[in-house]
Amino acid sequence: MAKRPLSYLQILMGKRTYDWVMKQDLEEFPYKNKECYVFTRSLYEDTENVNFVNDDLAPFVNKLKNKNGSNIWLVGGGELLNSFIQEGLVDEFVITVAPTILGNGIPLFKEGNHHLELSLKGTKQFNQFIELHYETKK
Ligand SMILES: NC(=O)c1ccc[n+]([C@@H]2O[C@H](COP(=O)([O-])OP(=O)(O)OC[C@H]3O[C@@H](n4cnc5c(N)ncnc54)[C@H](OP(=O)(O)O)[C@@H]3O)[C@@H](O)[C@H]2O)c1
């Protein structure tokens, strides 16, 4: 299937990432006017900007792909990403490296039995930041 333009991007994130976004002093929700899904195992009422979901990941993602095309952006965080990795649902990684080394914090990659081989598709520099773009080898 041909990829649709990025304006058709569908956004997924974990509940803790959503909570972090909502605590920032932003003028408006950063993914306004996009389809945005927040994964949680609790029940919340949808808002004007997001739908809360607690579905099995693979059928949910396949439904999105079939309905709207294949541009799905998983914002994070690490816990939700880990679930996606375990299910083999990540096609590409776009990772920005910041010039900071931390001794503690919230890891992007959690422990697990996964082993992914990646293929580098490109890099971009934004001042002191480097964006790494990898495709997952299937
Ligand atoms: N630097 C960046 O670009 C970037 C990007 C994204 C996030 N972050 C940071 O990462 C931190 C959050 O990451 P995190 O790893 O702690 O949490 P997270 O992945 O954002 O959210 C974890 C929560 O998502 C829900 N969840 C996770 N897996 C699920 C599944 N398979 N099915 C249903 N619900 C699921 C659960 O919510 P419930 O507890 O409600 O059930 C879980 O507690 C934040 O501080 C955020 O700012 C940084």
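Start at 1 and go down the list; that is how both ligands and their atoms are numbered. Numbering starts at 1 and runs along the sequence shown. Remember, predicted model here, so these are calculated numbers, not experimental data.
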Check: Can you name the closest pair of heavy atoms from A58 and E87 and give their distance?
Finding: CB-OE1, 3.8 Å

In the protein, what heavy atom is nearest to [atom], and what distance, to one decimal place, separates them?
{"atom": "atom 32 (N) of ligand 1", "result": "R41 NH2, 3.8 Å"}
{"atom": "atom 25 (C) of ligand 1", "result": "F39 O, 3.2 Å"}
{"atom": "atom 19 (O) of ligand 1", "result": "L80 N, 2.9 Å"}

Is [X] in polar range of ligand 1, meaning some N or O pair under 3.5 Å apart?
{"X": "R16", "answer": "yes"}
{"X": "G77", "answer": "yes"}
{"X": "V75", "answer": "no"}
{"X": "Y44", "answer": "no"}

Note to self: With the threshold set at under 4.0 angstrom, would you say K110 reaches ligand 1 through any of its heavy atoms?
What the structure shows: yes

Notebook entry, point to check: Do any N or O atoms from the side chain of Q125 and from the backbone of N127 form a donor-acceptor pair under 3.5 angstrom?
Noted result: yes

Margin query: Check whether T40 reaches the backbone of K15 with its side chain - one donor and one acceptor, N or O, closer than 3.5 Å.
Written below: no

Quick check on [atom] - does any protein heavy atom sit closer than 4.0 Å to it?
{"atom": "atom 2 (C) of ligand 1", "result": "no"}
{"atom": "atom 38 (P) of ligand 1", "result": "yes"}
{"atom": "atom 6 (C) of ligand 1", "result": "yes"}
{"atom": "atom 12 (C) of ligand 1", "result": "yes"}

Checklist line | Path from L80 to I106 over hydrophobic side-chain contacts below 4.5 Å | finding: no

Item checked: pair F93-L74: side-chain heavy atoms closer than 4.5 Å -> no

Item checked: Co-members of the apolar cluster containing F129 [side chain, <4.5 Å] -> F126

Next item on the list: Using a strict 4.0 Å threshold on nitrogen-to-oxygen distance, state whether E92 and K137 make a salt bridge.
Entry: no

Margin query: L12 and side-chain contact (heavy atoms from CB on, under 4.5 Å): which single residue from L57, V38, L64, V75 fits?
Written below: L64

Of the backbone atoms (N, CA, C, O) and the side-chain heavy atoms from C-beta on, which set of [X] has a member under 4.0 Å from an atom of ligand 1: side chain, backbone, both, or neither?
{"X": "W20", "answer": "side chain"}
{"X": "E87", "answer": "neither"}
{"X": "I106", "answer": "side chain"}

Under 3.5 Å, which donor-acceptor pairs link side chains of residues 108-120 to any protein atom two or more places apart or in another chain?
| from | atom 1 | to | atom 2 | distance (Å) |
| --- | --- | --- | --- | --- |
| H114 | ND1 | Q86 | NE2 | 3.1 |
| H115 | NE2 | E117 | OE2 | 2.7 |

Notebook entry, point to check: Should the pair Y44 and F52 be assigned to parallel (<30°), tilted (30 to 60°) or perpendicular (>60°) ring geometry?
Noted result: tilted

